Amino acid sequence: MGFYILTYVCGVVFAAALLARVVRQFALPMHVRWEIYPIPHEGKDRSVYGGSYMEKTDWWRSPVQTSPLSEAKYMAPEILLLRGLWKANRPLWWVSFPFHLGLYLMLGVFVLLMISAVWTLGLPPGGGGDGLIRNVVAGAVAVCGWIGLIAGGIGSLGLLLKRLSDRDLRLYATPLDYFNIIFIMAFFVCAALTAVFTDPLFHGARLYFMGLLTAGGADPS
């Protein structure tokens, strides 16, 4: 039960820190336009060159039209593929991308484990449930989990070595930066070792999530 309580506490601390960060972001002054060019939601006709609705004649007389699709198309490669880093510093991209890929896949594993736990707990006693859906989710957890652990471990080690060996990166790296990388690398390494020796298919992780949802009262059978 102690591990469940620790998990609940960590969840509350994470949610509180995230909320505080969101509030702080909203309290900051608004960016001026030249700080965020190009502006993706301007639409494909103007965002490609950093244009603005202010180019239109009498722009203040008509409502501002934005394009959420253009914004999403611009943000997705930046967030998922680190497109800006690929263009600006390709050697760093080769270690930063697997690091972030590992984090993204671990988040996906978290979501899949939660879905699996909710699905299992929602089944009628002795009903068995839909075996196909259960197997698909279990397979996705195993694939995403292993790829995420390997990629994250390699990426975090690469980032640490890069910061230690690259003089330009060392100039602005703080002790907290090194602590964060080592802490995340320790997570990937410990999780990978646990999976190798005790839980290669992440079955125990699914049971743990079931316990979280029932305060330790789930039947582990």
Side-chain angles (χ1 to χ4, degrees), residues 11 14-116 118 133 136-137 139-141 143-156 158-159 162-163 166 168-169 172-173 177 180-181 184 187-188:
F14 172 78
L18 183 62
L19 178 62
R21 191 172 184 85
V22 170
V23 172
R24 180 176 179 273
Q25 290 292 328
F26 276 102
L28 292 174
M30 183 178 297
H31 287 287
V32 293
R33 293 185 64 86
W34 58 73
E35 293 178 322
I36 52 177
Y37 269 6
I39 301 177
H41 63 240
E42 289 284 1
K44 64 179 182 179
D45 295 333
R46 292 186 295 271
S47 65
V48 291
Y49 63 90
S52 166
Y53 63 89
M54 297 179 183
E55 298 170 358
K56 297 169 56 177
T57 303
D58 296 336
W59 59 266
W60 59 89
R61 298 181 183 274
S62 58
V64 178
Q65 296 181 345
T66 59
S67 173
L69 179 59
S70 296
E71 188 172 7
K73 288 170 61 177
Y74 181 87
M75 292 176 60
E78 291 290 340
I79 296 173
L80 299 178
L81 302 178
L82 307 182
R83 180 177 57 185
L85 185 60
W86 171 263
K87 295 178 180 179
N89 192 341
R90 196 159 300 181
L92 183 59
W93 182 91
W94 288 106
V95 292
S96 185
F97 175 71
F99 173 80
H100 286 85
L101 177 63
L103 294 177
Y104 296 152
L105 288 177
M106 286 297 99
L107 178 61
V109 168
F110 177 91
V111 174
L112 289 171
L113 286 172
M114 185 64 69
I115 292 174
S116 176
V118 171
I133 295 179
V136 168
V137 173
V141 167
V143 172
C144 292
W146 277 111
I147 295 177
L149 292 177
I150 294 172
I154 293 174
S156 55
L159 281 176
K162 194 74 174 174
R163 285 188 178 274
D166 191 313
D168 292 333
L169 293 178
Y172 65 85
D177 294 327
N180 289 338
I181 295 176
I184 296 174
F187 160 76
F188 283 121

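Numbering starts at 1 and runs along the sequence shown. Just so we're clear, the structure is a prediction, and the values are computed from it rather than from any experiment.
Not counting sequence neighbours, Arg90 has no partner by the salt bridge (Lys or Arg N to Asp or Glu O under 4.0 Å) test. Applying the salt bridge (Lys or Arg N to Asp or Glu O under 4.0 Å) criterion to Asp58, with sequence neighbours excluded, gives Arg61. Considering only residues two or more places apart in sequence or on other chains, Phe97 meets the ring pair (Phe, Tyr, Trp, His ring centres under 6.0 Å) condition with Trp93. For the side-chain hydrogen bond (donor to acceptor under 3.5 Å, both in side chains) test, no residue two or more places apart in sequence or in another chain qualifies with Asn180.
Annotation for Gly155 and Pro98: closest pair CA-CG, 4.1 Å, computed over non-hydrogen atoms. Ala140 and Leu112 make their closest contact through CB-CD1, 3.8 Å (heavy atoms, listed as atom of the first residue, atom of the second, distance). When all heavy atoms of Ala151 and Gly102 are compared, the pair lying nearest together is CB-N, 4.4 Å. For the residue pair Lys162 and Leu92, the shortest heavy atom distance occurs at CG-CD1, 3.9 Å. Looking at every heavy atom in both residues, Ser116 comes nearest to Val137 through CB-CG1, 3.8 Å. When every heavy atom of Met106 is checked against every heavy atom of Cys144, the shortest pair comes out as CE-O, 4.1 Å.
Residue pairs meeting the side chain to side chain donor-acceptor pair (under 3.5 Å) criterion with at least one partner in residues 97-108, sequence neighbours excluded, are Ser96-His100. A side chain to side chain donor-acceptor pair (under 3.5 Å) check over residues 79-88, counting only residues at least two apart or in different chains, returns the pairs Glu78-Arg83.
In this structure, CZ in Phe187 is found 6.5 Å from CG in Leu149, a value given to the nearest 0.5 Å. Here CG of Asn89 is found 7.5 Å from CG of Asp166. Values are rounded to the nearest 0.5 Å. Rounded to the nearest 0.5 Å, atoms OH (Tyr172) and CG (Asp177) are 8.5 Å apart.
Taking the side chain as every heavy atom from C-beta outward, Phe188 and Leu103 approach each other to under 4.5 Å.
A side chain to side chain contact (heavy atoms under 4.5 Å, CB included) with Val141 holds for exactly one of Leu113, Ile115, Val136; it is Leu113.
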